[in-house]
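Quick notes on the structure that follows.
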Amino acid sequence: MKILFTASECVPFVKTGGLADVVGALAPVLARQGHDVRVMLPLYGQVPEEYTARMSHATDFEITLGWRRQYCGIEQLVLDGVTYYFVDNKFYFGRSYIYGLGGDEYERYGFFCRAALNALTKLDFQPDVIHAHDWQSGMIPALLKIQYAHLPFYSGIKTIFTIHNLQYQGIFGIREVQDVLGLGDSLWTNDKLECFGCANYLKAALVYADLITTVSPSYAEEIQSAYYGERLDGLLRARKHQLYGVINGLDIVDYDPTTDKRIASTYSADDLSGKAACKKALQEELGLEVNPDLPIIGMVGRLSSQKGLDLVDYIITDLMAERVQFVVLGMGESRYVNLFSWAEGEYRGRVAARFTMDAGLAHRIYAGCDMFLMPSQFEPCGLSQMIAMRYGTVPIVRETGGLRDTVLSYNEYTGAGNGFSFFNYNAHDMLHVIQRALGYYRDNKDVWTLLQKRGMEGDYSWDRSAAKYVELYRGLIGEIALRDPSEPEDIPEAEAAVEETPAAETPAEEAPAAEAAAAPVEEAPAKPKRTRKAKSTEEAPAEEAPAKPKRTRKPKAETKAE
Ligand code: ADP
């Protein structure tokens, strides 16, 4: 199959977030499976010279954007079986920043979308499918259907659009976008391009793409509700029969505790002894009391409200009243920098906070901690919880988006689970679950080790996700019939029965805790499967759920004063 990816970033060339990881990992996996995969990217000034030096000039042409005629070069590089095309225009992309500062994002990415489509005839590459990612590529499905589909070369091309984070939509003035892309007035109604009085590149893709995906099944469900829908939930509900959730994979070579050169000692699920050495080294490195018995709770990620840091703020004094150590690595909002700086001073030798981008330290934290906290307000997929599990660090997460799809809370009756989770966005629910985890850590090492091993043995590779994307591509070009994503997936009855048994209602006699604790690892699935439909109707039916999750009971000032 011939597939064209279009994206604004991709490792190893340019990265500001998870989008780059996904595009950079998925494309080579598909190429290894024998597909002709090509990736179209802007040629930013930030692309390292080691790559620009190896590029060859494929073609160039002019692009008309309203009254402007702009040069468009296509530079080419083949890496790992994937052909990368770089859209070259120094005025748009040769700047000192990647996103945001110039006030002409609509023009830069309008140009990029136009260039990606026009380049196809010049390169004589007629893809079966264009897979466009995030709002910067959002106008591609729209332009293709509106302005190109009548041309024989383009008429058979199908489009699939992936939402990596619905919060970022590319919202601009209609007149500006019309000026650049020449889209007539009749297209600016709310069933087409108009969106609350504005142009919205992401919405354009949601209307015109043949299929839509996002990066986890739960997030695909959540964004159809008002709370998570970022004002596009109505449209997403209207397209629910074409909206799929495909969970991201991990770079399992980079994140491998059996070979990782950045950690103090390597280890595996069969022999966890090296993890103790990693913990000791982390305590030494961060100036924490070196004590193997004190559990370390870690966090790595952007210091943004999305990550649920307000909950940590509310209960930090209660948390530190436990015998724990707490480690944070991240960059972001100053209020969280202040919070963790304060905590580091207040709890010397027990809290360490580092506000920098440091991949090596991130690895050492994943390896050296006992627990990994990720109480996100929303989480399209989340990589950190998967990385933590791969390093035998037990995740404590809020049940949202990809966190809900990858972490199953330990059930003491059935023995199922690979971590701990809570549902409401509530600080004391979180604290209670942390205390529950601490209980197992201290008093039930068998269960703890079981959870560590299950996490480490989970399948986080890209192969499974890539197979799902291929299935969608094949469905798009009519090779197979696709399942309607709004219908529940078929799950074997026995498995569904176990999953649906609420822990609190199961009589203890039916499955004594001691037996469950002794349950062999093989009996539980390494990667939890969910009965998503059942769960969502049970816990929060879209129509009946409160618009916002419940807030915590204790006001912050009170908590701090304690
Ligand atoms: P998001 O994409 O929302 O930022 P994810 O959990 O999907 O969150 O991915 C974040 C990735 O970035 C993880 O691999 C995490 O380890 C890494 N990361 C985040 N902050 C830092 C940091 N300060 N230093 C090193 N790595 C970081």
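Just follow the structure's listing: the first ligand is 1, and inside any ligand the first atom is 1. Model, not experiment: these values are computed from the prediction.
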Using distance alone, with no hydrogens and no angle criterion, decide if Q169 and E230 have a side-chain donor and acceptor under 3.5 Å apart. no

Side chains of Y336 and D310: do they bring a donor and an acceptor to under 3.5 Å? yes

Among Y168, F112, F5, which one satisfies ring pair (Phe, Tyr, Trp, His ring centres under 6.0 Å) with H133? F5

To the nearest 0.5 Å, what is the distance between CD1 (I140) and CD (Q136)? 10.5 Å

Derivation and outcome, side-chain hydrogen bond (donor to acceptor under 3.5 Å, both in side chains), residues S384 and Y366: CA-CA 9 Å; S384 300; Y366 288 120; 3.1 Å; yes

Write none if no such pair exists; otherwise list each N/O atom of ligand 1 with its protein N/O partner under 3.5 Å and the distance.
unit_1	atom_1	unit_2	atom_2	d
ligand 1	3 (O)	R302	NH2	2.7
ligand 1	3 (O)	K307	NZ	2.8
ligand 1	4 (O)	R302	NE	2.9
ligand 1	6 (O)	L383	N	3.0
ligand 1	6 (O)	S384	N	3.2
ligand 1	6 (O)	S384	OG	3.1
ligand 1	7 (O)	L383	N	3.1
ligand 1	8 (O)	K307	NZ	3.1
ligand 1	16 (O)	Y366	OH	2.6
ligand 1	23 (N)	T356	O	2.7
ligand 1	24 (N)	D358	N	3.1

Once ring pair (Phe, Tyr, Trp, His ring centres under 6.0 Å) is applied, do any residues pair with Y391, and if so which ones, sequence neighbours excluded? none

